[in-house]
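See structure below.
Values reported hereafter were calculated over all heavy atoms of this structure, with side chains retained and with hydrogens, waters and symmetry mates removed. Whatever order the structure lists ligands and atoms in, that order sets their numbers, starting from 1.
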Amino acid sequence: AADMGNDLEKVLIPEDELQAKIKELAGRIDEDYAGKDLLLVGVLKGAVMVMADLARALHVPVQMDWMAVSSYGAGTKSSGVVRVLKDLDTDIMGRHVLIVEDIIDSGLTLHWLLENLKSRNPASLEICTALRKPDAVKVPIDVKYVGYDIPNEFVIGYGLDYAERYRNLPFIGTLAPHVYK
Ligand SMILES: O=P(O)(O)OC[C@H]1O[C@H](OP(=O)(O)OP(=O)(O)O)[C@H](O)[C@@H]1O
Ligand SMILES: Oc1ncnc2cn[nH]c12
Ligand SMILES: [Mg+2]
């Protein structure tokens with residue numbers, strides 16, 4: 001449908017709250033990394049919106065890099081082994097790395113990514129995610145910066161998609177049942 005107006009069921013987190021939260025996280029990150037040179041690693045595709053807003057709210061010097069990973073589907077999702085579709089351009093050995101994500105659901109993506117990036121010997125490695133679903137987590141992940149803990153329901157917007165749509169919505173919302181028909 002051209003206009004997604006009637007696809008939206010409810011707004012969970014409005015744009016102004018989301019932006020205020022990102023600025024709050026940026027303030028903490030600026031303090032924690034004062035005097036350090038930070039490499040932000042975004043996880044494509046969902047993290048693009050968080051990365052764009054977070055990076056612009058930071059005052060410490062930052063560089064950005066991106067990874068794309070893909071789980072092979074149900075089977076691998078449970079084993080958590082993922083495939084690297086796009087690796088980093090940067091050598092992270094000795095770098096202060098902050099992984100930037102839109103959401104932590106089961107935790108499998110980040111569990112695998114943490115091991116992978118740790119093996120490259122960064123000086124430090126932390127995570128910043130806009131959203132987390134505590135009730136959906138399958139593997140516990142130590143996340144230093146969390147925007148919001150949300151209920152275990154499918155959400156879209158702010159980078160999060162349904163069939164590659166709705167990523168560009170400036171807020172977090174849920175979809176009306178007819179969309180999933
Ligand atoms: O905690 P998990 O259960 O691993 O799920 C979280 C991951 O799933 C989504 O990405 P997805 O793999 O859908 O790709 P996308 O970012 O390109 O939408 C989301 O952006 C996280 O990266
Ligand atoms: O709630 C959600 N909405 C969109 N993508 C994902 C991935 N994990 N959880 C999601
Ligand atoms: Mg993603």
Side-chain angles (χ1 to χ4, degrees), residues 1 4 7-15 17-18 21-22 25 39-55 64-89 92 97-119 125-181:
M4 61 73 61
D7 291 358
L8 186 69
E9 180 185 67
K10 68 177 179 298
V11 174
L12 216 59
I13 307 171
E15 179 178 6
E17 288 180 31
L18 214 38
K21 179 62 72 177
I22 295 297
L25 292 179
L39 175 65
L40 301 173
V41 169
V43 183
L44 295 172
K45 300 187 182 81
V48 294
M49 304 297 176
V50 185
M51 176 72 92
D53 291 333
L54 182 71
M64 288 175 235
D65 203 343
W66 304 89
M67 275 187 91
V69 296
S70 120
S71 48
Y72 287 101
T76 316
K77 200 81 176 164
S78 55
S79 69
V81 174
V82 300
R83 187 158 44 104
V84 178
L85 302 176
K86 183 230 177 281
D87 202 344
L88 297 173
D89 303 333
I92 65 170
V97 176
L98 180 61
I99 297 170
V100 177
E101 261 290 28
D102 50 354
I103 194 166
I104 298 173
D105 193 320
S106 73
L108 287 168
T109 301
L110 274 181
H111 176 74
W112 180 88
L113 191 56
L114 279 174
E115 294 310 309
N116 182 289
L117 295 185
K118 255 184 226 157
S119 72
L125 181 60
E126 299 293 350
I127 296 166
C128 175
T129 184
L131 307 175
R132 175 175 60 185
K133 290 182 183 175
D135 303 341
V137 169
K138 290 202 182 100
V139 283
I141 304 273
D142 175 21
V143 190
K144 190 159 187 180
Y145 309 99
V146 181
Y148 297 90
D149 281 322
I150 62 169
N152 189 6
E153 61 180 325
F154 193 83
V155 295
I156 42 91
Y158 205 59
L160 289 153
D161 74 304
Y162 172 67
E164 298 302 331
R165 296 183 64 205
Y166 313 114
R167 291 190 197 275
N168 59 318
L169 296 178
F171 53 81
I172 301 290
T174 55
L175 289 170
H178 74 263
V179 175
Y180 299 109
K181 67 193 179 309

Does Asp161 approach ligand 1 within less than 4.0 angstrom via side chain, backbone, both or neither, non-hydrogen atoms only?
side chain
Contact partition for His111 relative to ligand 1, non-hydrogen atoms under 4.0 Å:
neither
Purely on distance, is any nitrogen or oxygen of Val43 under 3.5 Å from one on ligand 1?
no
Would Leu114 and Ile99 satisfy side chain to side chain contact (heavy atoms under 4.5 Å, CB included), going step by step from the backbone distance to the final call?
CA-CA 9 Å; Leu114 279 174; Ile99 297 170; 3.9 Å; yes
Is the side chain of Lys86 donor-acceptor paired with the backbone N or O of Trp66 at a distance under 3.5 Å, no angle test?
yes
Could you tell me, atom by atom, which parts of ligand 1 come under 4.0 Å of a heavy atom of Leu44?
16 (O), 17 (O)
Using a strict 4.0 Å cut-off to heavy atoms of Gly46, name the atoms of ligand 1 that fall inside it.
15 (P), 16 (O)
Do Tyr166 and Val179 come within less than 4.5 Å of each other through their side chains, counting heavy atoms only?
yes
Should the proximity of Glu101 to ligand 1, defined as any heavy atom under 4.0 Å, be assigned to the side chain, the backbone, both, or neither?
side chain
Can you find a heavy atom in the side chain of Tyr148 that is under 4.5 Å from one in the side chain of Leu18?
yes
Counting distance only, does the side-chain N/O of Lys133 pair as donor-acceptor with the main-chain N or O of Glu153 below 3.5 Å?
yes
Note: ligand 1 atoms sitting under 4.0 Å from heavy atoms of Ile103 are 6 (C), 19 (C), 21 (C)
Kindly confirm or rule out an N or O of Ile156 lying under 3.5 angstrom from an N or O of ligand 2.
no
Name the closest protein heavy atom to atom 3 (N) of ligand 2, giving the residue it belongs to and the distance to 0.1 Å.
Val155 O, 2.6 Å
Only residue of Asp102, Leu169, Asp53, Asn168 satisfying side chain to side chain contact (heavy atoms under 4.5 Å, CB included) with Tyr158 is Asp53
Heavy-atom gap Asp161 to ligand 2 smaller than 4.0 Å:
yes
Can you pull out the closest protein heavy atom to atom 1 (O) of ligand 2? Residue, atom name and distance to 0.1 Å, please.
Lys133 NZ, 2.8 Å
What do the steps show when you test Lys138 against Asp105 for side chain to side chain contact (heavy atoms under 4.5 Å, CB included), and what is the final call?
CA-CA 8 Å; Lys138 290 202 182 100; Asp105 193 320; over 6 Å; no
Of all protein heavy atoms, the one nearest atom 7 (C) of ligand 2 is Ile103 CG2, 4.2 Å
Within 4.0 Å of some non-hydrogen atom of Lys45, the atoms of ligand 1 are 15 (P), 16 (O), 17 (O)
Enter the distance from Thr174:OG1 to Ile150:CD1 here, rounded to the nearest 0.5 Å.
10.0 Å
Which atoms of ligand 1 sit under 4.0 Å from any heavy atom of Thr109?
2 (P), 4 (O), 7 (C)
If you measure every N or O of Gly107 against every N or O of ligand 1, does any of those distances drop under 3.5 Å?
yes
Criterion side chain to side chain contact (heavy atoms under 4.5 Å, CB included) against Val50, the qualifying member of Leu131, Val100, Val43, Thr129
Val100
Side chain, backbone, both or neither: which applies to Asp105 and ligand 1 if a contact is any heavy-atom pair less than 4.0 Å apart?
both
Counting heavy atoms only, which part of Asp105 comes closer than 4.0 Å to ligand 2: side chain, backbone, both or neither?
side chain
Between atom CG of Leu8 and atom CG of Leu175, what is the distance when rounded to the nearest 0.5 Å?
7.0 Å
If the contact criterion is a heavy-atom separation under 4.0 Å, does Arg167 count as touching ligand 1?
yes
Applying the side chain to side chain contact (heavy atoms under 4.5 Å, CB included) test to Leu110, which of Ile104, Asp142, Leu117, Val139 qualifies?
Ile104
